[in-house]
Amino acid sequence: MPENTLSKTHIDIPDNVGFIIKTLEDKGFEAYAVGGCVRDTLIGRMPGDWDITTSALPHEIKSCFRRTVDTGIEHGTVTVMFGSESYEVTTYRIDGEYRDNRHPDSVSFTSSVREDLRRRDFTINAMAYNERTGILDLFGGCEDLKAGIIRCVGDADERFDEDALRILRAVRFAAQLDFRIEEHTANAVKRHAINLQAVSKERILTEITKLICSAHIERIFDIFELGLAPYISEHFDEINISGLKELITAKDTTEGHDRYLSAEERKAVENAFDYEKTTSCELRFARFAMLAEGMEPEHVKKMIKGLKPDNDTLHNTEFLIRLLYVPLSDDRYELKTQMTDVPPKLFYCLLRLKAVSCRTKLYKERCRNEKLENVIALYDDIMKTDEPIYLKELAVNGSDLISCGVKPGPELGEMLKRLLDLVYREPRHNDKSFLKEKALNIL
Ligand code: ATP
Ligand code: MG
């Protein structure tokens with residue numbers, strides 16, 4: 001985080017948000033940008049959406065803007081539309097009693113912004129901003145943001161007792177922001193883990209997906225360490241997290257009981273995700289696949305579909321999972337033939353995925369003879385020497401061969417493959433005239 005980010009009292013807000021705030025203020029109401037957008041802007045992260053909190057009542061909000069939608073009007077939320085852009089504007093609110101560990105029985109409106117900020121989950125999510133006031137931070141959100149801490153607003157036990165979804169939100173924000181969950185908050189998470197039973201499967205799915213797609217998938221370990229795993233797997237028959245569990249508990253055969261991975265082993269698992277080198281999209285493929293690790297491929301599709309990825313992600317993830325248990329060779333020629341059918345970026349993902357999965361029982365069973373360390377070293381070497389792997393890297397193409405007399409069609413494809421095979425064995429033969437001559441000899 002840039003050193004001085006949090007000391008500035010001005011933040012750049014989108015024009016529409018500024019307009020909404022100003023319009024409400026001109027009518028005599030208070031209005032602020034609030035929650036995630038303030039948090040994200042302060043740490044230089046792109047906010048997902050901009051929410052506005054105001055002292056205006058829902059009907060008053062509606063009277064200020066031309067196009068509005070009654071999104072959750074009974075809870076005070078009106079959506080204000082500008083073209084295709086929309087913003088949720090919500091009346092300052094106090095939540096009533098929570099009797100089901102999830103939803104307040106009632107909400108009431110208040111004229112106090114303090115009350116509205118107090119009902120919010122974490123200090124870093126309980127800050128508001130407008131140009132008049134600057135940052136309104138009544139619960140130490142800025143300090144926690146600087147220190148990288150997730151801390152409940154008020155008494156953590158009470159807050160998780162009210163709404164168990166906050167338990168998963170804590171873990172998810174910790175992963176997205178790479179923050180630490182403050183001790184009282186973490187202990188309260190553990191004490192209220194059982195309340196996750198009150199959270200719907202869809203909401204759990206959303207939070208887990210956000211965690212998996214964050215830059216710190218290794219924070220999935222928090223789910224085990226905080227005792228949340230049993231309640232999540234209970235909701236998700238389709239999501240088998242036993243593969244992940246195996247990553248953190250490895251059988252100690254000498255003593256015959258489970259033990260946790262040592263710090264070094266765990267680091268190795270974490271390092272297997274090399275964030276710099278992998279684009280976020282591929283990382284998602286690998287993460288979905290990793291979550292599914294330990295499952296049979298036919299179950300995986302259903303599970304991944306449940307996470308609602310786009311078609312490419314779905315396709316590539318399935319592809320990775322199918323390849324996960326295919327042992328790779330540490331013979332140079334063999335490895336190149338294995339690489340040829342896998343797009344380069346996916347092959348890199350596959351190695352990452354194998355590196356995190358290779359400790360699991362299923363993997364050890366299926367890839368018994370694979371020497372992954374040698375494979376990775378060999379792969380690095382092949383990449384360094386820039387040897388041709390794919391047909392498009394061959395010095396001759398289809399039309400070159402047609403000009404030598406090869407017939408278009410299957411024969412042509414076959415010939416290209418034979419030439420590529422030749423180049424696998426002898427990379428220096430990747431030369432147009434040499435390969436053309438070879439083709440003529442073969443014909
Ligand atoms: P993101 O949109 O990146 O997931 P966010 O912080 O904006 O993060 P939202 O779910 O959009 O999260 O909620 C907006 C704000 O509403 C939060 O910042 C927080 O202040 C408040 N909030 C959301 N869910 C809860 C909850 N379960 N309990 C208390 N406050 C909540
Ligand atoms: Mg949001």
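These figures come from a predicted structure and were not determined experimentally. In this chain, residues are counted from 1 in sequence order. All ligand and atom numbering here is 1-based and tracks the order in the structure.
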Protein N/O/S atoms closer than 2.8 Å to the Mg ion (ligand 2) number 1
*Determine the interplanar angle of the His192 and Phe160 rings, folded into 0 to 90°, and report it as parallel if under 30°, tilted if 30 to 60°, perpendicular if over 60°.*
tilted
Under a 3.5 Å cutoff, is there a donor and acceptor pairing between the side chains of Asp100 and His103? yes
Using the six-membered ring of Tyr98, assess whether NZ or CZ of Arg166 lies under 6.0 Å from its centre and within 45 degrees of the ring axis. yes
Worksheet item: Does atom CG of Asp26 have more than 12 heavy-atom neighbours from other groups under 6.0 Å away?
Response: yes
Notebook entry, point to check: Run the ring-ring contact (aromatic ring centres under 6.0 Å, His included) check on Phe347 and Tyr379 step by step: do they pass?
Noted result: CA-CA 10 Å; Phe347 195 84; Tyr379 167 81; 5.5 Å; yes
Cation-pi check, Arg366 onto Tyr325 ring (under 6.0 Å, within 45° of axis): yes
Output for pair (Glu393 CD, Leu420 CG), nearest 0.5 Å, gives 8.5 Å
One should read off an interatomic distance between Asn374 CG and Asp331 CG, to the nearest 0.5 angstrom, of 11.5 Å
Contacts for ligand 1, heavy atom under 4.0 Å, by chain and number, are Gly35, Gly36, Arg39, Asp49, Asp51, Arg119, Arg120, Asp121, Asn125, Asp163, Arg166, Arg169, Arg172, Phe173, Lys210
Strictly below 4.0 Å, N to O, side chains only: are Arg159 and Glu162 in salt-bridge contact?
yes
